[in-house]
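Worksheet: the structure to be examined is printed underneath.
A, B, ... follow the sequence lines: proteins, then strands. Residue 1 opens every chain. Because the structure is predicted, anything quoted here is derived from the model rather than measured.
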Amino acid sequence: MSRAGTNVFLLLALALAGCGLDPDRVSELVSTRDMLLGVTALDDGVAAAIDVRVGSPIGTVELTGGDALFVTVGGTRRPMIEGQNNGAPIYSVELDTLPGDFLLDLERQNDRDVHGVVVEVPPPFTVAAEGLTQDLPLSLAWAPDPEGGKVVISVQGDCIDTLTRSLDEDTGTLVITQAELRPPPAGPPLAPCALEVSASRTITTRDALFSTNPGGNVTTSAEQRRTIAVVWTP
Amino acid sequence: MRRRFIGGAAGVLTLACILTGSAPARAGDPSHVALWRMEVHGAYLQGDQRVGAGTLVPYNGWGLWARVGISEFPWKWLGYDVLGQIGLVGTPQSNFDVVTEAAVAFAPARWKGSVDGSIVLGAGGGIGFERPVWLGRGGTGYPLLLARLTLKPKNSIRFFTSFRFTPITPDDGWVRSYDLEITGGYKWWYLGLRGRIDDVTQGDPERLYRTYWLGPTAGLVLR
């Protein structure tokens, strides 16, 4: 067989061996029992947003054929609006605040509906900062809530490397020394330095949508985040 | 009562005589319905498979088989049709494939003229690995219906087309296979095209997962 013939044969064999067909990523082709609903909610103290991604064995899918997502926040039911994130469809609702737990519904025209998925939201809180003058450490305080989710404190600014503390126990306080912010030999800054302190509480859950196997899954991550400005005055 | 029994027995005997005829069809008879053949068949497949509880995912692949078929009529109108095939199916679940089918065949029409021909109908069953392959690699049995039209415009030229329908019903859904073959041959050789549709209705929600197969076939008529 000539070289050209061999090449044609190999190309044909590769094509026949299954070059992989790109699936049409729409919800109509996906069973609700195969879906993975990924819910993220964030209230940063200024505004709030809820985002939902609909995952499946063929990737993140677009809701089609009359399928739709709804959230009920504070007793008000709202349809989620389709958008794009990194080229994948995402469904969102913009809110002023996340006052507490909310409900998620997935309504489908030709498949099982999912109603009343409870997304647990940490309670709103405020954070206060003191110190960071002369040789005083940075003292942070907030209302503790042991059931309120995982607490993470983050401090960032031009004069420091970003520092992040994940708390094993929510005691409502955290003290960060100046040496932790700028370890020796750098030491404290020579001039006042603006820092941003962020405190977040996050509740994550993972549950099955149905008791069947497979039964689909819903993962939720709801975060209350508060950010305050602090000036490190040496 | 006795008269009815005698009448029934006479009816059965008459039907048996019609089916078996007076003598075997002679080999070489232009309208002879027997067909012994061996062939190779390759096909490209493309369709939708079920993933998970009921998600429809496209897939493709190929298949390559060696097939031996014997259709013989010991009696004028009544005979049998046996098919065996062994091969490979190239998909993500790629595997060895083997099928055996057998049917009682009936030749309701055979004629001579400017174009000789015959029609064969049959009913039987088969065993083999589950098809399409994404259903799993368990063995399965199924009923079979078949039909074949043979045309011989000249003694050395033969066209035949056959259709096989296998309505399989496993526990978790309804599987149907439609297999159509169209061939033309000169003397002992023939070339053709064979296509198949495998329909599977199952899942949650229940939906149709269809696979199309199409490819050439080449073979040798032994009788």
Practice problem: Evaluate whether atom CG of Asp113(A) has more than 12 neighbouring non-hydrogen atoms of other residues, nucleotides or ligands under 6.0 angstrom away. | Solution: yes
Self-check item: Lys NZ or Arg CZ of Arg158(B) over Tyr190(B) ring: under 6.0 Å, within 45°
Solution: no
Self-check item: Proximal component of Arg108(A), with respect to chain B [non-hydrogen, under 4.5 Å]
Solution: neither
Quiz item: Quick one: what part of Pro57(A) sits under 4.5 Å from any heavy atom of chain B, side chain, backbone, both or neither?
Solution: side chain
Self-check item: Asn213(A) versus chain B, the contacting section by heavy-atom distance below 4.5 Å
Solution: neither
Quiz item: Is the cationic atom of Arg33(A) (NZ for Lys, CZ for Arg) positioned less than 6.0 Å from the six-membered ring centroid of Phe210(A) and within 45 degrees of its normal?
Solution: no
Self-check item: Short side-chain donor-acceptor distance under 3.5 Å, Thr205(A) and Thr220(A)
Solution: yes
